[in-house]
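Since the structure comes first, as structure tokens, the remarks are kept for the end.
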Amino acid sequence: MSNQTMSVLYDAPGPRARRITIISSVLAAVAAVAGAYFLVYRPLDEREQFAMEKWGPLIDPSNEVFGQVWTQLGQGFRATLIAAALAIVSSLVFGTLLAILRVQLKALMRRRFTTLAPPVALAVRGLSWVLNGVTKFFVEVFRGLPVVITIFFCASGLPVLGVDLGSILWYLVIGLTIYNGVVIGEILRSGMEGLPGGQREAADAIGLTSFQATRMILLPQAFRIMLPALISQLVVVFKDTSLGFIISYEEVLRKSSFIIQVLDNPIQVYFVVGVIYIAVNYLLSKLAEYAQRRLAQGRRTAKKPEPTQAAPMTGSATPQETEAVAGTTT
């Protein structure tokens, strides 16, 4: 972008405006530091929240309960990762199938079925309308419900209905899968429906069925386009595993509550658990950035080869070569 264009889009501040900006930034930083000191540090320090008696079990390997504390946290974190991995895989599978189903039902609603008898065509179109309404109702209900209610309903309602899965883990995974699968399905569906209509028309022109066009053309592009939103939702799945404590699933948050009952240091324990969650979510965000870069590199087209220039002639030309060149120029 040229300097002239930049001057049109953004009026560069003058010396006075720059001084005001610097002074305001310094004052804001001083106010933030003062607020953190008087509102956070001093109250915690007066209550001896920075004493090694409370931090030692978490950061001092020589502490007598350090190993036991981290053993409990490690078990809880392993349970969290297991639930998150199962929920992420099942949510992706369920969401993908739901997105394909909704796209196919909308395609069926637009077809006229001219090759079928009129009563049969009418029945097929009516069935597609009904199924589309049912899936839309399912999506709106479970997308609108808080995920904690879905988890609690699975853990309390399924055994009443006679569905005994034998482990609390599966109730948590089912609750997370229903909610996040619906959200992922809507993300992929919007990605497929946002693609240019000419792609589906081209697929019809080369003889692909609607399902083949969705599976081979629309769905891969939707995954690539909606990858940032998908990664964000997968981070939500990982964080939502902490809701397993409401059904007594011993993930890291529930293990932390047991530690707090014994050591009476909730601020320290929850701080460490929060750092663990932040670190994992940061790694997932970096994974998303890496995947985006790889996909962007894959989409780059090869550069056109530059026209080759004839190499300069070296040495002296023979009389026959000189006569041949002269003949071509006349």
Side-chain angles (χ1 to χ4, degrees), residues 68-102 105 127 130-189 230-262 266 269-270 273-274 276-277 280-281 284:
Q68 299 176 11
V69 168
W70 279 101
T71 298
Q72 292 293 318
L73 290 177
Q75 292 175 357
F77 189 61
R78 183 169 60 251
T80 296
L81 288 179
I82 291 173
L86 292 174
I88 286 173
V89 173
S90 56
S91 297
L92 283 173
V93 173
F94 175 63
T96 302
L97 295 177
L98 181 62
I100 293 174
L101 176 63
R102 294 206 65 192
L105 287 175
L127 180 61
V130 171
L131 291 177
N132 182 69
V134 170
T135 55
K136 187 175 181 180
F137 177 78
F138 177 84
V139 167
E140 295 300 330
V141 167
F142 286 101
R143 188 172 60 173
L145 280 176
V147 63
V148 64
I149 294 179
T150 306
I151 295 172
F152 190 75
F153 175 79
C154 291
S156 302
L158 292 181
V160 173
L161 297 175
V163 181
D164 186 8
L165 300 179
S167 175
I168 299 176
L169 168 65
W170 298 112
Y171 297 116
L172 175 61
V173 170
I174 291 174
L176 293 174
T177 299
I178 292 175
Y179 175 78
N180 294 283
V182 165
V183 176
I184 290 174
E186 287 299 286
I187 291 173
L188 294 176
R189 182 192 61 80
L230 290 173
I231 296 295
S232 299
Q233 193 61 36
L234 297 183
V235 171
V236 171
V237 176
F238 174 73
K239 292 190 294 184
D240 284 347
T241 55
S242 61
L243 297 174
F245 79 94
I246 66 172
I247 58 174
S248 301
Y249 180 66
E250 294 191 354
E251 42 75 47
V252 67
L253 191 61
R254 185 170 175 82
K255 290 288 188 179
S256 301
S257 65
F258 296 152
I259 296 171
I260 292 169
Q261 291 176 6
V262 177
V269 173
Y270 286 137
V273 172
I276 293 175
Y277 272 102
V280 174
N281 291 333
L284 288 176

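No experiment lies behind these values; they were computed from the predicted model shown.
Between Ser242 and Tyr277, the shortest heavy-atom distance links the atoms CB-OH, 3.6 Å. Contact record, Thr177 with Ser91: CA-OG, 3.4 Å, taken as the closest heavy-atom pair. Shown here for Phe238 and Asn281, the closest heavy-atom pair between the two residues is CD2-OD1, 3.3 Å. Across every non-hydrogen atom of Tyr249 and Ala79, the tightest pair is OH-O, 2.8 Å. Between Leu253 and Phe245, the closest heavy-atom pair is CD2-CD2, 4.0 Å. Minimum interatomic distance between Leu73 and Ser256 (heavy atoms only, all atoms of both residues): CD2-OG, 3.7 Å.
At a threshold of 4.0 Å, the pair Arg254-Glu251 does not count as salt-bridged, since none of the basic side-chain nitrogens sits closer than that to a carboxylate oxygen.
Within a 6.0 Å sphere centred on CZ of Phe153, heavy atoms belonging to other residues, nucleotides or ligands number 12 at most. The environment of Phe94 atom CZ is dense: over 12 non-hydrogen atoms of other residues, nucleotides or ligands sit within 6.0 angstrom.
Of the possible polar contacts, none joining the Thr150 side chain to the Tyr179 backbone as a donor-acceptor pair under 3.5 Å is found. Using a distance-only test at 3.5 Å, with no hydrogens or angles considered, a donor-acceptor pair links the side chain of Ser90 to the main chain of Ala87. With Tyr171 contributing its side chain and Pro159 its backbone, the two residues share no donor-acceptor pair below 3.5 Å.
Taking the side chain as every heavy atom from C-beta outward, Leu234 and Leu284 never approach each other to under 4.5 Å. Residues Leu165 and Ile174 meet the side-chain proximity criterion, which asks for heavy atoms closer than 4.5 Å. Proximity of Leu86 to Trp170: side-chain heavy atoms (C-beta onward) are separated by under 4.5 Å at one or more points.
With values rounded to the nearest 0.5 angstrom, Lys136 atom NZ is found 9.5 Å from Glu186 atom CD. Atom CD1 in Ile168 sits 12.5 Å away from atom CD1 in Ile151 (nearest 0.5 Å). The distance from atom OG1 of Thr241 to atom CD1 of Ile88, rounded to the nearest 0.5 Å, is 8.5 Å. Atom-to-atom distance recorded for Leu131:CG and Leu127:CG is 4.5 Å, nearest 0.5 angstrom.
Screening Leu98, Thr96, Leu92, Leu97 for a side chain to side chain contact (heavy atoms under 4.5 Å, CB included) with Leu188, the sole residue that qualifies is Thr96.
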